[in-house]
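To keep things clear, I will list the structure first and then write my remarks on it.
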Amino acid sequence: MSDKVSGFFKRLFGTEPDPSPAPAETQPETPLEPLPITPDAVPPTPEPETETPAPEEDLPPPGPPETTPDYVEEIEERAAEIADSQPIIPAPATAEAPRQSWFSRLTTGLRRSSDNLTSSITSVFTKRKLDAATLDELEDVLIQADLGLETAMAITETLRRDRFDREISGSDVRSVLATEVEKVLGPVARPLAVDTAQKPFVILMIGVNGSGKTTTIGKLAQKFAAEGKSIMLAAGDTFRAAAIEQLQVWGQRTGAPVIAKPAGADASGLAFDAVTQARAEGRDVLIIDTAGRLQNREELMDELEKVIRVIKKVDPSAPHATLLTLDATTGQNALKQVEIFGKRAGVTGLVMTKLDGTARGGILVAIARKFGLPVHFIGVGEGVDDLEPFAARDFARAIAGEE
Ligand SMILES: Nc1nc2c(ncn2[C@@H]2O[C@H](COP(=O)(O)OP(=O)(O)OP(=O)(O)O)[C@@H](O)[C@H]2O)c(=O)[nH]1
């Protein structure tokens with residue numbers, strides 16, 4: 001595990017990210033002229049801290065006004081003012097922070113989940129010998145930690161088989177927990193393989209509101225840029241002006257052009273333009289953002305299907321990866337999200353974010369067992385280094401509280 005610059009350390013505790021930012025679900029009717037891409041439209045905020053990272057005091061409230069030409073003009077003027085007064089200096093989000101290995105950041109990030117589990121395990125294992133009542137209690141603890149019934153049963157069965165009526169400590173149980181969790185996660189821990197024969201390799205980012213799509217795109221763009229890939233971003237969350245600006249900030253940091261239109265523009269039209277342009281420019285990777293949508297909103301899921309159909313008009317093999325971002329703090333609801341987004345949008349892989357903000361990290365195990373979809377990345381903070389490829393063993397050890 002290599003050391004990386006980290007800026008998240010001081011933010012890990014006491015920050016409970018908002019799991020349900022306001023939906024922006026009204027589809028405006030009036031098509032607007034494309035805005036010129038203005039990569040310097042926003043100040044060089046190191047990383048988005050809230051759902052609406054741009055200064056808000058000048059902005060009208062979100063909603064229908066975002067779609068008016070006046071509003072768009074105002075944004076452009078404000079962007080120009082900011083650009084004049086403030087040079088954009090792309091900087092790593094976490095430049096001044098101490099270096100810390102990914103494993104220790106993972107452990108710190110998952111501390112709420114692991115503390116929850118290990119303290120419950122310790123309180124169950126007060127007796128010296130393992131009996132049936134203790135096993136039942138343990139099963140309840142594991143189910144409450146969102147690990148899922150099957151994994152909970154697998155763990156208690158292993159203990160029943162190997163340790164029944166024998167002396168056992170909390171740390172023995174934690175080690176069985178780590179082993180069983182790793183068994184479930186091993187097969188799904190698969191890196192996101194970018195097929196370099198595809199120019200561009202199109203990644204579509206989907207998920208419910210506030211699950212971390214835009215932030216994840218920024219972090220991925222940073223990783224791809226560091227690998228020397230030529231990237232393009234598409235601000236397909238056309239519902240929210242702030243999301244467009246947020247992506248433009250990431251575009252500046254990573255040197256990636258951002259295809260954008262004013263808030264309210266048609267998302268599928270934007271996706272079409274983006275794939276066409278990325279193809280014409282021979283880009284390696286195109287990452288397309290989408291508006292957050294609740295999986296139970298039929299019309300919004302229809303719209304997502306349309307975006308995919310339109311992408312296929314330019315390249316029938318695209319999107320080459322459809323990544324569902326899951327906010328770990330949503331717990332059991334994440335299972336429903338995987339099921340419905342999977343059916344409607346053909347999810348090819350998962351990214352789980354905000355594992356640092358919850359005691360419910362065990363949900364990833366339940367999801368892995370139920371769907372077997374590849375888990376490509378996990379996020380344990382808002383900083384650019386807080387997203388890493390998913391490693392089953394590290395996660396299993398961290399959640400079981402094993403150092
Ligand atoms: N603590 C923590 N916060 C995160 C993580 N990933 C994203 N966030 C934060 O979650 C919030 C929402 O992230 P966005 O990327 O805007 O989410 P989105 O899915 O694009 O949101 P919509 O555009 O509303 O659908 C932001 O404040 C992010 O900084 C993470 O791993 N940990």
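When a residue number appears, it is its place in the shown sequence, counting from 1. Just so you know, ligand 1 is whichever comes first in the structure, and atom 1 is the first atom listed for that ligand.
Between the choices M352, K219, E382, the shortest heavy-atom distance to atom 26 (C) of ligand 1 belongs to E382. When the heavy atoms of R240, K354, Q246 are ranked by distance to atom 5 (C) of ligand 1, first place goes to K354. Of the listed options G218, A242, G212, G381, G212 places a heavy atom closest to atom 17 (O) of ligand 1.
T156 and E139 are linked by a side-chain donor-acceptor pair at a separation below 3.5 angstrom, with hydrogens and angles left out of the test. A donor and an acceptor atom, one from each side chain of D289 and T214, are located under 3.5 Å apart.
The shell of residues lying under 4.0 angstrom from ligand 1, judged by heavy atoms, excludes G357.
Atoms of ligand 1 lying under 4.0 Å from at least one heavy atom of G379, given by number and element, are 31 (O). The G292 neighbourhood of ligand 1 comprises atoms 25 (O), with distances under 4.0 Å to a heavy atom of that residue. In the vicinity of T215, heavy-atom distances shorter than 4.0 Å reach the ligand 1 atoms 7 (C), 13 (O), 14 (P), 15 (O), 28 (C), 29 (O).
The N/O atoms of T325, backbone and side chain alike, include none that comes under 3.5 Å of an N/O atom in ligand 1. Ligand 1 has no nitrogen or oxygen under 3.5 angstrom from a nitrogen or oxygen of A243. At under 3.5 Å, a nitrogen or oxygen of D237, whether backbone or side chain, sits near a nitrogen or oxygen of ligand 1. Between D356 and ligand 1, an N or O atom pair is found at a separation short of 3.5 Å. In terms of polar-atom proximity, defined here as any N/O pair under 3.5 Å, K213 does make such a contact with ligand 1. For A291, no nitrogen or oxygen atom sits less than 3.5 Å from a nitrogen or oxygen atom of ligand 1, counting backbone and side chain alike. Annotation: G210 places an N or O atom under 3.5 Å from an N or O atom of ligand 1; distance criterion only. The N/O atoms of T216, backbone and side chain alike, include none that comes under 3.5 Å of an N/O atom in ligand 1.
Looking at heavy atoms from C-beta onward, K306 lies in side-chain contact with D266 at the 4.5 angstrom threshold.
Contact annotation: for V380 versus ligand 1, heavy atoms closer than 4.0 Å belong to the backbone alone.
In summary, of the residues considered (E339, E305, E299), a salt bridge (Lys or Arg N to Asp or Glu O under 4.0 Å) with R344 occurs for E305 alone.
Using a cutoff of 4.0 Å between basic side-chain nitrogens and carboxylate oxygens, E182 and R393 are scored as salt-bridged. Taking a cutoff of 4.0 Å between a charged side-chain nitrogen and a carboxylate oxygen, K223 and E388 qualify as a salt bridge. Looking at D273 and K261, a side-chain N of the basic residue comes within less than 4.0 Å of a carboxylate O on the acidic one, giving a salt bridge.
Distance CG/L177 to CG/L147: 6.5 Å, rounded to 0.5 Å.
Counted within 6.0 Å of NZ on K312, heavy atoms from surrounding residues, nucleotides or ligands total more than 12; the atom is thus considered enclosed.
Judged by the 6.0 Å and 45° rule, R397 forms a cation-pi pair with F103.
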